[in-house]
Amino acid sequence: MGSELRLHTRDLTVVGQDEHGYTVEDTASGTTTFISFKQLVDQLKLPGVRVDVLGPTTGRRLECRLGGFVSSEGLPVMQRQLARFHLAIANAIDVLQEELRRKTGRPDAEITSRYADANRERIRDIAQDYLGEKIHLTPPRGGQGRYWTLYRGRTLMKYARAARGVGPGESPLDAVTPLDHLKGNATSRLPARLRELMTKAWEDVGLDLKALSVASVQKRLEVLVKAENEVRCRNCLGPLITPSQATLKTHRDRIMTPTEFSIATLGERETRRRSGRGSTDMRALLIGEYVEIDECKASLVVSAKAGGVWERLGQKDQSALHEIDKEIRERLHILVMLDVASRMPLAWIVTDQPRADATKALLRMATRDKSREKILYGCENEPMPSIGIGHVKADNGPGLRNAVVIGAVLGVGGIMTIARAYSPTDKPYIERMFGTLESVLLSLIHGYTGRRPGHLPAYDAVENGVLDLELLQEILTRFMVDEYPSMRHAGVGMGMRRPIEVFKEINETRGCFPPIDADHRRIALGWEQSVKASDEGVKVFGIFFNSDRLQALRDKHRVSGRLRVFVDPDNLSSATVLLPKVTEPVQVQIQCTAFADMTLPEVQDLIALYRKEDPTATQLYEDILFRLRRDRQLQLRQIARDKGLSRSYSTLDEAARKAKSLLAGSRIVPSEALAGTTRPGRILDGPGADSFIMPISDEMLIEGMASEPPARGNGGEHDTPVPLPIVVDTAVDPVPVDHLEPIKPTAAPLRNKDSRTSAGAILGRPKNLKELE
C-alpha cells in the first residue's frame, strides 16, 4: 500500500480499482498511489474535498486548453468578450442548420463552410440577437476599434464544431474561448547569470531598512556586472549588459511578494499596520455599548487675537497686540468619541492641551444632554442624548491612557481597553471618521496646514489663521450635529444608511445604555474641591450650594471639618457633597440662580470681567479713598485734642518700658556647696575621684522661693539638713556646665555667685549622709 495522501490539499484522479481499494493519480506531481476504501472514506469526510467524477471521461481537456484555468471567467476581459461573440456565432449556425433541415426535409443535413459563407448576413442577424451588440460584415474604416466583424465560412464552422463537441460537465463557452493570452514568447531573454547578479544586488542594497531606491540597487548591479564582465572577458565570453530600473523592479516582483518586500524595507510592525485586515463584523448592537475615542492634530493654525476689545484699545496697544498675535498661533487637537453601533458622534472637544482633563471633558459631554450646543450654535438636527457608556476603546496616547481617565471610566460603570500601538485596525471606526473630518471639513477652513509637513508649499497657513477657538468650536459642532449624521455611510452594518436614521432605528428597537446617576457622574467626572460647610451651605469655586438635607446631616453628625464637593462644570444647577459618617452622597442646589444656566468657565469669565477695571478709573477711585481716609484721621485727632481725651493706644517705646519693669523682680539664688561634696558634673575633678563616686538621682532637685538663709549645725553627724529653696529666673540664659570652674571642698560652705546650672535647676543637699561616710 502506498503512502497516505490528503485529498483536501491535492487534486487526485481515480485511475484504477480492485477489490481492496483505488489507485489514484496526483495531477500536480503525476505520482500514482493506492489507497483503501476506508482511507478514501476518511479523506472524503475532510472539509474542502472536491471529487471529480468527470475527469476520467473528459481528461480535463478544456482546463489544459485554457492553460490551467478551470473556467474562462478567470481570463482577461477581452478574452471573455471574444468567447461570448464566438458562442453567439455557434448558436446562430445551429439555428441556420435547423432552418436548412426544415427546408430540405433531411434530418441529417449539415452546414458546410461554403453554405455558411454564402449566408453570412443571416448568421450576422441571428448572432446579433444572441450577443446583444451590433456585428459588421466588413471591418469599418478608421483603424482598429471596439466592434465585432463576422468571420468567413471556415472560421465560422470551426467555432460551431468546437461548441458542439463539448462533453458532459464541460462549458461551450470554454470551448470557443480563443487562446490569445497564450501567444508570445514567455521565455526570459536575460541570461541566468545576470538574474543571479540582479538578485544579489537586491539582497545587498535593496532589502535594507533604510528603504533605498531602485537607482541605488542599479548602481550596485553595475559594480557586480563590471566585475563579472572582467571574468567573462578572460574566458572569451560576451559581456553582460546592465538592465534598466524597470527590469530590476520587475525582477524584484518576480522573486518576492509585496508583503515580503514590505517587511524587508519597512519592518514587520509597519507591514502589519498597512496590510492588516479591517473590521467585517458588527461589534455593537446598542447605543453606547461600544464607543471609540481618539485624538488628532487639527492641522489648523488658530489666531489668538482678542475679539470685542480691539476698538477700545489705543494705537500702541493695537500695535503690540498685533505683534503678539503673530507669535501666539498654535496647532490644536480635536478629541472625538464615536458610537460604533450607529456611527453617531457622541462628544467632541477642541483643546490645545490634550491631557486627562480634556479627556474627562469629552466623557462629560458624551454622558450629558447637548441641547445647549444645539441652541447656542443653531443646529437643525437633534444631537445625541445623555447615555451611559459600556466599553471604551482608546489608543495609548498620553491624554487617553492614564490612571485619571481609566478611573473616570470605571467610576461611571464602564470598562476601558487600550488598543495596540501602530494597530489602526483595533479601532477602525474612529480612524475612518477622522479621515472624513480631515477631507470634508478641516481642509476647507482658513489656516489649514495640510496632512503632512510640506503638503501645501504655496499656502501660508500662519497668515490665514484668523479663526478663534469659539468660532472653530461652532464650525465643528455644526459638522458633528448636522452634516456628518446626515451623510450616507458605507461601513459594515450601515448599508449606505445615514447615521441619524440608524440611531433612530436602534433606539426604537434595542434602546440605549441607561444614563448614569447624576451623583455618581459628578463624583467620577466632575471637578472636586474640599471646603468647609456653614449655615450658608458650601462655597465651591465662588458659588454657594445648599440644601435642607445638607444642614440636617451637618447638625446631626456635628460635622466641623472639610467636605468634598463635586461639581459638573457644564451644569451648575446641582452639586454633590460627601460628608463623613454619611454613606450616601448629598445633592445640593445652586443658591445664585443667575448662574444656573451657565457653565463654570462662563461664570469664572463673567466674574473676571466684573473685576476687570480700566487703569485710569482705578487710579481715580484709589485717590478718592486716600483723601477721604486721610481727612477722617486728621479730623478725629483734632477732636481728641480739643476735648482733652486721653490716648487709647501705646507707642512702641512705652510698651518696651512696661515689659522691662514687669520682669525686673525676678532673680536667681545660686545654691551653696556642702562640705565634702562636689557639684554635679565635677565629681571626677577633685582629689580621690578614682575611689569615690557620688550617685545622683532626680529626687535631689529642689525648687522654691528664697526666704531666709538655711540653718546650719556644728557639722555633727546628727545635724538635720535644711532644704535650700531656689528661685529660677527663666529670663536669664543658662551657662553651660563646661564653663564653670570646679569647687574644691572646704570646711565651711562656699557661695559662688557666678555659678549657674545648665538645666535651669540647682542640685540640693543629698540625703543619707551616713551611708556616704
If we count only N and O atoms by modelled type, under 3.5 Å, do the side chains of D631 and Q635 hold a donor and an acceptor together?
no
Tell me yes or no: between the side chains of D555 and Q551, is some donor less than 3.5 Å from an acceptor?
no
Presence of salt bridge, D357 and K360, under 4.0 angstrom:
no
R522 side chain reached by W527 side chain, heavy atoms, under 4.5 Å
no
Does some side-chain heavy atom of R521 sit less than 4.5 Å from a side-chain heavy atom of R364?
yes
Can you give me the closest heavy-atom contact between A366 and A347, atom names plus distance?
N-CB, 3.6 Å
In short, D597 meets R372 closest at the heavy-atom pair O-NE, 4.2 Å
R554 and D535 ion-paired at < 4.0 Å:
yes
Do L363 and V412 touch side chain to side chain, with heavy atoms closer than 4.5 Å?
no
Any donor-acceptor pair under 3.5 Å from T359 side chain to G399 backbone
yes
Can you see whether D653 engages T651 through a side-chain donor-acceptor pair at a distance of less than 3.5 angstrom?
no
Please check: side-chain N/O of T593 versus main-chain N/O of A596, any donor-acceptor pairing under 3.5 Å?
no
Does the side chain of E295 come within less than 4.5 Å of I334's, by heavy atoms?
no
Under a 3.5 Å distance rule, please check whether R558 uses its side chain to pair with a backbone N or O of K556 as donor and acceptor.
yes
Looking only at non-hydrogen atoms, find the nearest pair between M384 and P345 and report the distance.
CG-O, 3.5 Å
Considering only heavy atoms from C-beta outward, does the side chain of M598 approach that of L606 to under 4.5 Å?
yes
Between R401 and D395, does any side-chain N to carboxylate O distance fall below 4.0 Å?
no
Any donor-acceptor N/O pair, E622 side chain to Q619 backbone, under 3.5 Å:
no
Ignoring hydrogens, what is the shortest heavy-atom contact between V350 and Q473? Give both atom names and the distance.
CG2-OE1, 3.4 Å
Pair R562-S530, side-chain donor/acceptor within less than 3.5 Å:
no
Under 3.5 Å side-chain donor-acceptor pair for Q633 and R630:
no
Can you name the closest pair of heavy atoms from P601 and P569 and give their distance?
CD-O, 3.9 Å
Within the side chain of Q529, is there an N or O that forms a donor-acceptor pair under 3.5 Å with the backbone of R564?
no
With the threshold set at 4.0 Å, does a side-chain nitrogen-carboxylate oxygen contact exist between R368 and E373?
yes
Short question: side chain of K297, backbone of L332 - any donor-acceptor pair under 3.5 Å?
no
Any sub-3.5 Å donor-acceptor pair from Q589's side-chain atoms to F545's backbone N or O?
no
Is it true that D519 and T576 share a donor-acceptor pair across their side chains at a distance under 3.5 Å?
yes
